[in-house]
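Scroll down for the structure; my scribbles are underneath it.
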Amino acid sequence: MAKIRLFIDHPLAAGQPVPLEAGQAHYLSGVMRQKAGDQITVFNGRDGAWLAQITEAGKRGGSLDLIRQSAPQQDPPDLWLMFAPIKKARTDFIVEKAAEMGAARILPVQTDFTNSERIRQDRLQAHAVEAAEQCGGTFVPAVEDLQALSRLLDGWHPERRILWADEAIAGPAQTLSGLMPGPWAILIGPEGGFSEPERRRLSALPFVTRIALGPRILRADTAAVAALALWQANLGDWRKVKQDESDI
């Protein structure tokens with residue numbers, strides 16, 4: 001199996017040539033020392049993973065020939081992650097881990113106490129791509145631009161439930177065993193927590209479920225990983241894997 005995995009925003013099908021952008025060609029030839037005839041794995045987030053052979057790679061671009069599909073497309077559960085951006089490196093961490101852990105969509109939100117007023121959406125999307133390349137996934141979650149939480153809630157469809165990781169109710173971690181699978185979103189607050197008006201609004205929404213993530217108050221980046229793991233283990237595709245193994 002090819003060790004190098006590369007995200008290619010191009011349709012993938014057997015026998016189809018695939019162009020390489022200049023940056024991708026440089027990465028393969030200049031960084032990874034690959035040459036014509038070497039094989040890599042490529043994916044586009046839609047058509048699964050494909051074994052490809054390098055036909056050309058240079059400073060100005062290159063091309064690949066697709067050999068065969070090496071893995072089917074595997075999409076994550078219908079789970080979104082909403083979080084208030086924090087310091088740059090920790091925001092990058094949240095996006096990377098959300099992509100690795102199977103979030104289908106990542107939504108940075110502006111809250112009353114959010115420290116960042118803007119984000120580099122293109123840079124965060126690139127981090128999501130890199131995470132998918134490294135973790136063996138075939139899906140890349142879309143990272144949306146920063147938007148106000150209040151505006152997002154104004155247009156929220158109630159069929160998508162929100163799992164609110166509320167630091168104010170720190171206590172024994174919950175298993176979520178009583179909740180139903182389906183479309184969900186996890187909400188992680190800013191470093192200063194939610195304001196009282198935000199807390200009142202969230203508490204009043206019928207599609208919001210508050211949970212504790214254990215007896216200690218977690219940093220926002222840690223809370224995002226903990227909440228994603230908790231949801232995946234109880235309602236997501238980690239649970240499906242456990243069920244499949246028990247049937248063997």
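- The side-chain heavy atoms of Pro17 and Ser63, taken from C-beta on, include no pair separated by under 4.5 Å.
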Exercise. Should Leu176 and Leu230 be marked as a side-chain contact (heavy atoms from CB on, under 4.5 Å) after you check the CA-CA gap, both sets of side-chain angles, and the distance that decides it?
Worked result: CA-CA 8 Å; Leu176 313 186; Leu230 187 63; 3.9 Å; yes

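- Here the shortest heavy-atom pairing between Ala84 and Gly189 reads CB-C, 4.0 Å.
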Exercise. Should Arg46 and Asp9 be marked as a salt bridge (charged side-chain N to carboxylate O under 4.0 Å, His left out) after you check the CA-CA gap, both sets of side-chain angles, and the distance that decides it?
Worked result: CA-CA 9 Å; Arg46 304 180 299 275; Asp9 190 11; 3.7 Å; yes

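- Checked by atom type and distance alone, the side chain of Thr138 never pairs as donor or acceptor with a backbone atom of Gln73 at under 3.5 Å.
- Residues Leu20 and Leu6 have side chains in contact (heavy-atom distance under 4.5 Å, counting atoms from C-beta outward).
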Exercise. Are Asp166 and Arg199 close enough, and set up right, to give a salt bridge (charged side-chain N to carboxylate O under 4.0 Å, His left out), and what steps lead you there?
Worked result: CA-CA 9 Å; Asp166 185 1; Arg199 295 185 60 82; 2.8 Å; yes

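- The main-chain N or O of Asp237 is found under 3.5 Å from a side-chain atom of Gln232 such that the two form a donor-acceptor pair.
- Listed here is the closest heavy atom pair of Ile86 and Ala220: CD1-CB, 3.9 Å.
- Pro77 approaches Gly102 most closely through the heavy-atom pair CD-O, 4.0 Å.
- The distance from atom CZ of Phe83 to atom CD1 of Ile94, rounded to the nearest 0.5 Å, is 5.0 Å.
- Taking CD of Gln110 as the reference point, atom CG of Asp145 lies at 11.0 Å (rounded to 0.5 Å).
- Taking Phe7 as the reference, Phe43 meet the ring-ring contact (aromatic ring centres under 6.0 Å, His included) condition, with sequence neighbours excluded.
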Would you give me the side-chain donor-acceptor pairs under 3.5 Å for residues 150-163, sequence neighbours excluded?
{"unit_1": "Asp154", "atom_1": "OD1", "unit_2": "Arg201", "atom_2": "NH1", "d": "3.4"}
{"unit_1": "Asp154", "atom_1": "OD1", "unit_2": "Arg201", "atom_2": "NH2", "d": "2.7"}
{"unit_1": "Trp156", "atom_1": "NE1", "unit_2": "Arg160", "atom_2": "O", "d": "2.7"}
{"unit_1": "His157", "atom_1": "ND1", "unit_2": "Glu159", "atom_2": "N", "d": "3.2"}
{"unit_1": "Arg160", "atom_1": "NH1", "unit_2": "Asp78", "atom_2": "O", "d": "3.3"}
{"unit_1": "Arg160", "atom_1": "NH1", "unit_2": "Asp78", "atom_2": "OD1", "d": "3.1"}
{"unit_1": "Arg160", "atom_1": "NH1", "unit_2": "Trp184", "atom_2": "O", "d": "3.1"}
{"unit_1": "Arg160", "atom_1": "NH2", "unit_2": "Asp78", "atom_2": "OD1", "d": "2.9"}
{"unit_1": "Arg160", "atom_1": "NH2", "unit_2": "Asp78", "atom_2": "OD2", "d": "3.0"}
{"unit_1": "Arg161", "atom_1": "NH2", "unit_2": "Thr209", "atom_2": "OG1", "d": "2.8"}

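- Counting heavy atoms from C-beta on, the side chains of Leu149 and Asp112 never come closer than 4.5 Å.
- Residues passing the salt bridge (Lys or Arg N to Asp or Glu O under 4.0 Å) test with Asp92, sequence neighbours excluded: Lys88, Arg123.
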Exercise. Where do Trp50 and Asn44 land on the side-chain contact (heavy atoms from CB on, under 4.5 Å) test, with the steps shown first?
Worked result: CA-CA 9 Å; Trp50 287 77; Asn44 63 2; over 6 Å; no

